[in-house]
Amino acid sequence: MDRLIGQLLTTLNRLDLEKNTLVVLTSDHGEGFLEHGVIGHGNTLYDEEIKVPLIFYAPGRLPENLKVDSQVRLIDISPTILDLLD
């Protein structure tokens, strides 16, 4: 997945679309890979299953490397996108 996202961002840059594009990456859940003896998801409340990435990529429109430590919800994504796009 990292490689494919990298290709997407490289292509946006190459086509000079990077500054006019908002990329949002997230997931609805994580996966256990035997960190606590569990493979998969849905059976525990360990961080690897309940903490998921939420990445907004918009060069020149958002501060670089900004990390938000407070909890956010999937329901907050659409209003945030609308705010960013006016």
Side-chain angles (χ1 to χ4, degrees):
M1 186 56 69
D2 289 346
R3 180 180 52 80
L4 294 173
I5 293 168
Q7 287 176 354
L8 170 67
L9 299 180
T10 299
T11 302
L12 289 173
N13 190 339
R14 183 174 42 83
L15 297 174
D16 201 29
L17 297 172
E18 191 175 51
K19 291 188 177 176
N20 294 321
T21 304
L22 170 64
V23 177
V24 181
L25 304 170
T26 193
S27 176
D28 61 340
H29 58 76
E31 292 290 327
F33 292 104
L34 292 176
E35 292 90 344
H36 294 95
V38 177
I39 294 180
H41 65 273
N43 298 318
T44 76
L45 294 175
Y46 290 117
D47 282 353
E48 60 268 13
E49 289 188 46
I50 62 172
K51 288 189 175 183
V52 298
L54 175 57
I55 300 168
F56 282 75
Y57 179 78
R61 298 172 69 192
L62 294 171
E64 289 187 31
N65 301 314
L66 173 66
K67 181 179 177 185
V68 176
D69 289 321
S70 60
Q71 182 179 15
V72 297
R73 302 170 302 164
L74 292 177
I75 197 168
D76 298 321
I77 295 173
S78 291
T80 302
I81 291 171
L82 293 174
D83 284 346
L84 287 170
L85 301 178
D86 290 327

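Throughout, residue positions are numbered sequentially from 1 according to the sequence presented.
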Rounding to 0.5 Å, atoms CD (Glu31) and CD (Glu49) come to a distance of 7.5 Å
Spell out, yes or no, whether Val72 and Val52 are grouped together once hydrophobic residues are joined by side-chain heavy atoms under 4.5 Å, including indirect joins. no
Could you walk me through whether Glu18 and Val23 pass side chain to side chain contact (heavy atoms under 4.5 Å, CB included), step by step? CA-CA 9 Å; Glu18 191 175 51; Val23 177; over 6 Å; no
Can you measure from CD1 (Ile50) to NE2 (His41) and round to the nearest 0.5 angstrom? 13.5 Å
Give the cluster check for Leu85 versus Phe56: same hydrophobic cluster or not, with ILVMFWY residues linked at side-chain heavy-atom distances below 4.5 Å. yes
Between Leu22 and Ala58 the two heavy atoms that sit nearest each other are CD1-CB, 3.9 Å
Intermediate values then yes/no, side chain to side chain contact (heavy atoms under 4.5 Å, CB included), Leu54 and Val24: CA-CA 7 Å; Leu54 175 57; Val24 181; 4.1 Å; yes
Can you tell me how far CG of Leu82 sits from CD1 of Ile77, rounded to the nearest 0.5 angstrom? 12.0 Å
Exam field: side chain Asn20 to backbone Leu17, donor-acceptor pair closer than 3.5 Å: no
Is there a path of hydrophobic side-chain contacts, each under 4.5 Å between heavy atoms, that joins Leu45 and Ile39? no
Out of curiosity, does Leu66 fall in the hydrophobic cluster containing Ile55 (side-chain heavy atoms, cut-off under 4.5 Å, transitive links)? no
Please name all residues satisfying side-chain hydrogen bond (donor to acceptor under 3.5 Å, both in side chains) with Thr21, sequence neighbours left out, ordered by chain then number. none
Just checking Ile75: does its CD1 atom have more than 12 heavy atoms from other residues, nucleotides or ligands closer to it than 6.0 angstrom? no
Partners of Tyr46 by ring pair (Phe, Tyr, Trp, His ring centres under 6.0 Å), sequence neighbours excluded? His36
Applied to residues 2-11, the side chain to side chain donor-acceptor pair (under 3.5 Å) test, sequence neighbours excluded, yields none
Would you please test Ile5 and Tyr57 for side chain to side chain contact (heavy atoms under 4.5 Å, CB included) and show each step? CA-CA 11 Å; Ile5 293 168; Tyr57 179 78; over 6 Å; no
Is any side-chain heavy atom of Leu62 closer than 4.5 Å to a side-chain heavy atom of Leu84? yes
